[in-house]
Each structure stands twice: as C-alpha cells, then as structure tokens.
Amino acid sequence: MATDAQAFVKEIPSKSEQFSEWYTAVCLKAELADYSPVRGCMVVRPYGYALWENMQRWLDDRFKATGHVTAYFPLFVPEAFLKKEAEHVEGFAPQVAWVTHGGDEKLAERLAVRPTSEAIIMPMYARWIQSYRDLPVLLLQWCSVVRWEKATRLFLRTAEFLWHEGHTAHATSEEADAECRTILEIYRQLLEDVLAIPVLVGKKPPSEKFAGGDWTYTLEALMPDRQAIQAGTSHFLGQNFAKAFGVKFLDRDNVEKPVWTTSWAVTTRLVGSLVMAHGDDRGLALPPRIAPIQVVIVPIPGKEREKVLAAARALAERLKAVARVRLDDRDEYTPGWKFNDWEMRGVPLRLEIGPRDVAANQAVLVRRTGGPKATVAIEGVEQAVARALDEVQGEYYARGKAFLDEHTLSVATMEALEEAMRERRGFVRTNWCGDQACEDAIRARTGASPRVIPLDDRPQGACLVCGRPSTATVYYARAY
RNA sequence: CGGGGCGUAGCGCAGCCCGGUAGCGCGUCUGGUUUGGGACCAGAAGGUCGCCCGUUCGAAUCGGGCCGCCCCGACCA
C-alpha cells in the first residue's frame with residue numbers, strides 16, 4: 001500500500017525530488033554512518049563498515065591472486081619528503097593536515113598527515129631496490145588518509161577516508177602500464193560484477209590526472225542525479241617519483257635506471273556510490289553480492305509461535321550454506337514493521353514463514369527489487385534462494401546499464417553540448433583536438449568537466465570547439 | 001570559500017515574530033493482550049532549548065560572536 005509506505009518513509013525525503021537530502025537520510029537511517037564530533041569526519045557504523053569489508057575482502061583476494069603483498073607505512077610524512085616531487089606537493093598541499101607539536105614540544109620539522117603515501121613509500125623503495133632482480137615490487141596498504149576538505153558529505157567527501165593504495169615499481173614502462181590496466185580491470189569487475197554499477201573505463205585527460213603522475217586510468221559511474229562520480233583510479237607515475245626520490249636499479253644491461261612506478265586506489269566513497277546507485281524512496285537497496293545480509297527470515301508467529309520459530313531456525317540453518325542469512329526473531333516488533341525495516345536497510349531477499357507455511361512445508365519469498373511474493377518449497381529452498389539472489393543481482397546491473405545508456409549521448413557542436421548539459425546532464429561524448437584551450441572553453445560554457453577518454457579510443461571527426469581533427473573522444477559530465 | 005537554511009527529549013517537529021510554568025507525535029521503560037505490510041490498552045521515565053557574551057527583574061524567544069550540520073555553487077577521491 002503506497003500510502004502506508006509513504007507514511008513509513010516520512011523521514012526519508014523523495015529520491016527524485018530531493019536527491020541530496022534523500023542520500024544523507026538513507027546513510028543515517030540505514031545506520032551506515034553517523035556524524036562525529038570532529039568537523040568533516042564521519043563514523044562508519046557497523047552496517048556501513050560491513051559493506052566496506054565485503055569490498056575489501058573481494059579486492060584483497062584479487063590483489064593477492066595477482067601477486068601483490070600488503071605492508072604498512074607510517075601515517076606521518078616529513079614535510080621535506082612531501083615536497084620532493086614538485087607537482088605532487090602543489091596538488092596536495094592545500095588539503096594537508098599538519099602535525100606541529102609532539103606533546104608540548106614544537107617539532108623541528110612538521111609532519112604531514114598522509115593525504116596519499118607516495119612520499120613516504122618512495123624513500124623506502126630507494127633503500128630496498130638495487131637490481132632488476134628486486135623488481136617488480138607489488139605492494140599495497142589498507143589505511144586511511146586525510147584531506148582537509150572544505151565541504152564534506154557522508155562517504156562521498158570526508159576529511160578522513162578509508163582506502164587501499166597500491167604502490168608498485170617496475171623495470172619498464174610497458175610493465176608499469178600493464179600493471180595499471182590489470183588493476184583497472186579488477187576495479188571494473190568490482191564495480192560492475194559485485195556492486196552492479198556500470199562504468200565508463202578509460203584515461204583521464206591531462207588536466208584531471210594525478211598530481212605528479214604521467215597519466216591516470218579511471219572508472220566513471222553515473223549517479224541517478226546524472227552527475228558522474230570517479231569510482232577508482234590507477235595512476236601511471238612514470239619515472240617522476242623515482243627520479244625525485246632516487247629510486248634506481250641496475251638493469252640487465254648494466255645501466256642504472258630510475259624505476260617506473262604506479263599507484264592506485266579505491267575508497268569508502270564506493271559505499272556512497274552504492275547508496276546512490278540503487279537506493280529508492282524506501283531506503284537502501286543492496287545488490288546481493290555486496291549485501292552484508294542477503295536473506296532475512298521473518299517468522300510470523302500466529303498462534304503457533306514455538307513451532308514457527310523452530311521452522312524459521314531450521315530454515316536459517318539450511319540457508320547458511322548458500323547465503324548470508326539473518327533470522328529476525330525479535331519479539332518486540334510485528335512482521336509488518338520488520339518488512340519495512342529490512343527493506344529500508346536494503347536486504348535483497350526476505351523469506352516469510354508462518355503457520356500456513358509450516359503446515360505446507362514452504363516459505364514466502366519476497367525481493368527488494370519488487371514483484372509479487374512467491375511461495376517456495378522448503379525442499380530445495382537453497383536453490384531457489386541462490387537463483388533469486390543471482391536474478392536480483394542481474395536486475396540491479398541491468399537497471400544501471402539502461403540508465404547509463406539512456407543518459408549518454410554524442411554531440412558534434414558546442415550548442416548541442418551546452419543544451420545537453422543544461423537539459424539532460426549525464427555523459428556527453430565529444431571529439432577533442434587535444435588542446436587545453438578547447439577543453440577550458442567547454443568547462444567555462446557548460447560547467448562540465450572531462451571525465452574519461454575510452455580505453456580503446458579511435459578518435460574521429462573534428463574538435464567540437466576549434467574544428468581541427470580530433471585526437472581523442474572525451475566524455476564530459478558534471479561530477480562529484 | 002561564496003549564497004541560502006537549520007540546530008528545542010533517542011527520532012520528526014511546534015513554540016520564537018509579540019520575553020514570563022518547555023510542548024506534540026513517534027520511539028523508550030513496566031505490565032497485559034497481540035503478530036501474514038510500521039498492533040492495542042494502562043501506567044512511567046526522559047530537556048543545562050548547539051556554545052559563549054550581552055540586553056532585561058526575567059531569555060528557547062531580542063542583539064553580537066562562535067561551533068556544527070544541510071542545500072545550491074566554486075575546488076577536491
């Protein structure tokens with residue numbers, strides 16, 4: 001009943017009408033996060049952290065499978081180190097938090113709280129790498145970093161956030177670039193196969209690359225408000241950091257050379273993307289592969305409380321083999337209350353079991369994505385649940401893909417681009433000559449920024465600003 | 001960092017204009033009845049009105065400052 005649903009979610013604004021307010025309310029109501037007493041810093045609550053943990057686990061398995069090992073580097077970066085790579089420090093300096101005192105004593109050299117760790121990792125590489133035999137070095141660390149943001153939002157932009165950062169060193173440019181692409185593909189699979197968020201994959205134009213790197217690979221997703229969000233980045237750092245920090249190796253040809261390095265990251269921002277991508281007016285909606293709870297079992301006690309609860313427990317026990325399952329046997333809430341509550345928390349599947357079902361040796365299966373309730377036999381319920389989880393996962397992806405396709409269009413003129421950004425938003429594909437001035441003109445007139453140049457780009461046509469031959473296809477969007 | 005808004009019980013809000021006993025709904029607690037889409041009855045608890053300074057006999061209410069959060073822009077994962 002829609003009116004009841006409305007009444008229930010009165011504390012969650014409409015997603016279509018007040019997207020930002022909706023987003024914040026969902027993060028808070030679903031207990032993903034809360035505000036902390038520290039300005040700009042959030043608390044990741046257990047349910048939100050469980051989402052992050054699932055991403056972590058999935059990613060870490062793949063990082064390990066591709067030869068990476070985990071280490072931990074210090075939180076503090078001496079100022080002198082941060083300043084070694086000129087472009088790098090220029091890029092990050094405005095956002096750095098500084099430690100100036102230890103106890104009561106003023107430090108001789110202030111320490112940056114890492115905004116990213118290149119500057120503390122490179123000096124270590126300089127000590128560890130001597131020979132081509134020491135390469136590649138494939139390290140990552142899971143940690144938090146601090147960037148003193150002016151305007152913050154739960155998960156999407158906070159002063160401190162969680163991430164992993166990979167830092168690899170290679171003997172050749174080709175190998176380093178291949179590493180970047182390997183990681184990019186892992187990220188793409190995380191986004192599309194696990195989080196059910198379709199992405200555009202490619203390179204950043206130079207203006208948007210990582211400070212200090214040569215080029216940056218990126219994944220760009222489109223949120224329901226038709227703004228792009230950077231979902232992950234993989235940076236080809238060239239020899240810039242190696243030269244700045246003196247990371248050299250003696251190659252097979254007996255020549256000393258700077259190493260080629262990469263760095264890459266995804267952050268807890270992905271939790272925010274997940275909320276925005278799939279949620280609705282009823283609250284959070286989670287794709288099964290990332291959902292901390294995939295199936296919730298709600299017993300309907302009726303007059304045979306003990307019998308029903310026993311059947312519900314047995315059902316939960318059976319399903320443990322195929323799904324992350326939660327039995328909600330709380331006595332203080334009615335079934336109806338629980339239905340709404342678990343929907344608000346985004347649980348993909350619900351199984352209801354009451355006296356009628358116990359008598360008939362069945363349960364009622366309901367999907368968060370909608371559709372009619374279905375009766376399933378207890379015999380074979382594992383297969384029914386596994387199949388429903390797969391289908392729901394697919395449904396979320398299909399919806400996202402349809403939305404992305406629907407909101408991606410090509411334009412050939414500045415007028416068409418302006419109109420597209422004004423009327424439709426989303427991604428707009430353009431031809432670009434490669435001149436920064438042409439990009440700047442588009443930024444100035446549309447408010448959009450260049451998000452990505454496709455990986456397998458085959459530029460054609462003429463630059464939409466100056467008419468010279470195109471050297472790249474660029475997707476523009478307004479972005480987070 | 002600019003423009004707008006908000007801050008009163010765990011949550012959602014009223015009260016403020018026009019100063020004088022701090023309220024409502026939900027939730028919470030106790031007992032009982034209930035349970036297939038946010039159950040019902042009875043009783044109870046819960047507040048330095050974001051913080052500081054000022055005006056006043058008296059401030060949630062008026063003035064100033066600060067802090068935090070939200071929204072819209074500009075910048076960044």
Side-chain angles (χ1 to χ4, degrees), chain A residues 1-13 18-25 27-29 31 34-42 91-96 115-116 144-165 204 208 210-211 216 218-221 225 228-233 235 264-273 282 298-305 308-309 328-344 350-358 363-364 366 373 375 443-444 447 449 478-480:
Chain A
M1 284 185 282
T3 50
D4 285 354
Q6 294 295 317
F8 168 61
V9 296
K10 62 180 183 292
E11 291 165 15
I12 302 178
Q18 302 179 73
F19 186 72
S20 293
E21 292 88 342
W22 169 87
Y23 170 78
T24 302
C27 287
L28 294 173
K29 296 292 172 192
E31 298 182 349
D34 204 351
Y35 297 104
S36 77
V38 190
R39 190 206 72 87
C41 293
M42 65 185 276
F92 283 101
Q95 291 184 292
V96 169
T116 177
S144 75
V145 291
V146 169
R147 297 180 189 177
W148 214 258
E149 298 287 352
K150 288 167 184 165
T152 59
R153 297 191 63 190
L154 295 173
F155 290 112
L156 301 175
R157 181 173 301 110
T158 49
E160 179 188 13
F161 56 90
L162 300 174
W163 74 353
H164 67 255
E165 45 181 327
K204 287 285 192 192
E208 294 275 324
F210 180 75
T216 288
T218 183
L219 302 101
E220 300 281 326
D225 61 351
I229 191 163
Q230 181 175 303
T233 47
H235 311 295
W264 28 272
V266 303
T267 77
T268 35
R269 168 179 263 196
L270 286 182
V271 177
S273 305
R282 302 182 74 79
V298 178
I300 291 122
K303 291 183 169 49
E304 300 173 74
R305 190 169 178 281
V308 167
L309 282 179
D328 187 355
D329 58 359
R330 291 175 294 179
D331 202 36
E332 64 270 32
Y333 295 111
T334 60
W337 191 95
K338 292 175 183 176
F339 297 165
N340 286 295
D341 192 52
W342 290 114
E343 282 169 12
M344 188 269 288
R350 176 174 79 241
L351 278 168
E352 307 172 9
I353 184 163
R356 293 202 297 267
D357 304 304
V358 174
V364 173
V366 187
K373 295 186 176 188
T375 300
R443 285 176 185 266
S449 54
R478 290 175 190 269
Y480 276 88

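So you know, we letter chains A, B, ... as the sequences are listed, proteins then strands, and number each from 1.
- For the ring pair (Phe, Tyr, Trp, His ring centres under 6.0 Å) test, no residue two or more places apart in sequence or in another chain qualifies with Phe339(A).
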Between the protein and nucleotides 39-46 of chain B, which nitrogen or oxygen pairs come in under 3.5 angstrom?
{"residue": "A39(B)", "atom": "OP2", "partner": "Thr334(A)", "partner atom": "OG1", "Å": "2.9"}

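- Residues meeting the salt bridge (Lys or Arg N to Asp or Glu O under 4.0 Å) test with Lys373(A), sequence neighbours left out: Glu352(A).
- The ring pair (Phe, Tyr, Trp, His ring centres under 6.0 Å) check on Tyr480(A) picks up nothing, with sequence neighbours excluded.
- The ring pair (Phe, Tyr, Trp, His ring centres under 6.0 Å) check on Phe210(A) picks up His88(A), Phe92(A), His235(A), with sequence neighbours excluded.
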Strictly under 4.0 angstrom, non-hydrogen atoms only: write out the protein contact profile of nucleotides 69-77 of chain B, one letter per nucleotide from the 5' end, B, S or -. SSSS---BB
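- In this view, Lys338(A) satisfies the side chain to side chain donor-acceptor pair (under 3.5 Å) rule with no residue, not counting sequence neighbours.
- Contacts of Arg443(A) classified as salt bridge (Lys or Arg N to Asp or Glu O under 4.0 Å), with partners at least two apart in sequence or in another chain: Glu208(A), Glu439(A).
- The side chain to side chain donor-acceptor pair (under 3.5 Å) test applied to Arg305(A) returns Asp331(A), not counting sequence neighbours.
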For nucleotides 9-11 of chain B, print each protein N/O atom paired with a nucleotide N/O atom at under 3.5 Å, atom names and distance only.
{"residue": "C11(B)", "atom": "O2'", "partner": "Glu11(A)", "partner atom": "OE1", "Å": "3.3"}
{"residue": "C11(B)", "atom": "O2'", "partner": "Lys29(A)", "partner atom": "NZ", "Å": "3.2"}

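- Under the ring pair (Phe, Tyr, Trp, His ring centres under 6.0 Å) criterion, Tyr35(A) pairs with no residue, sequence neighbours left out.
- Under the side chain to side chain donor-acceptor pair (under 3.5 Å) criterion, Glu343(A) pairs with Arg282(A), Arg350(A), not counting sequence neighbours.
- Within 4.0 Å (heavy atoms only), Val364(A) reaches at least one base atom of the nucleic acid.
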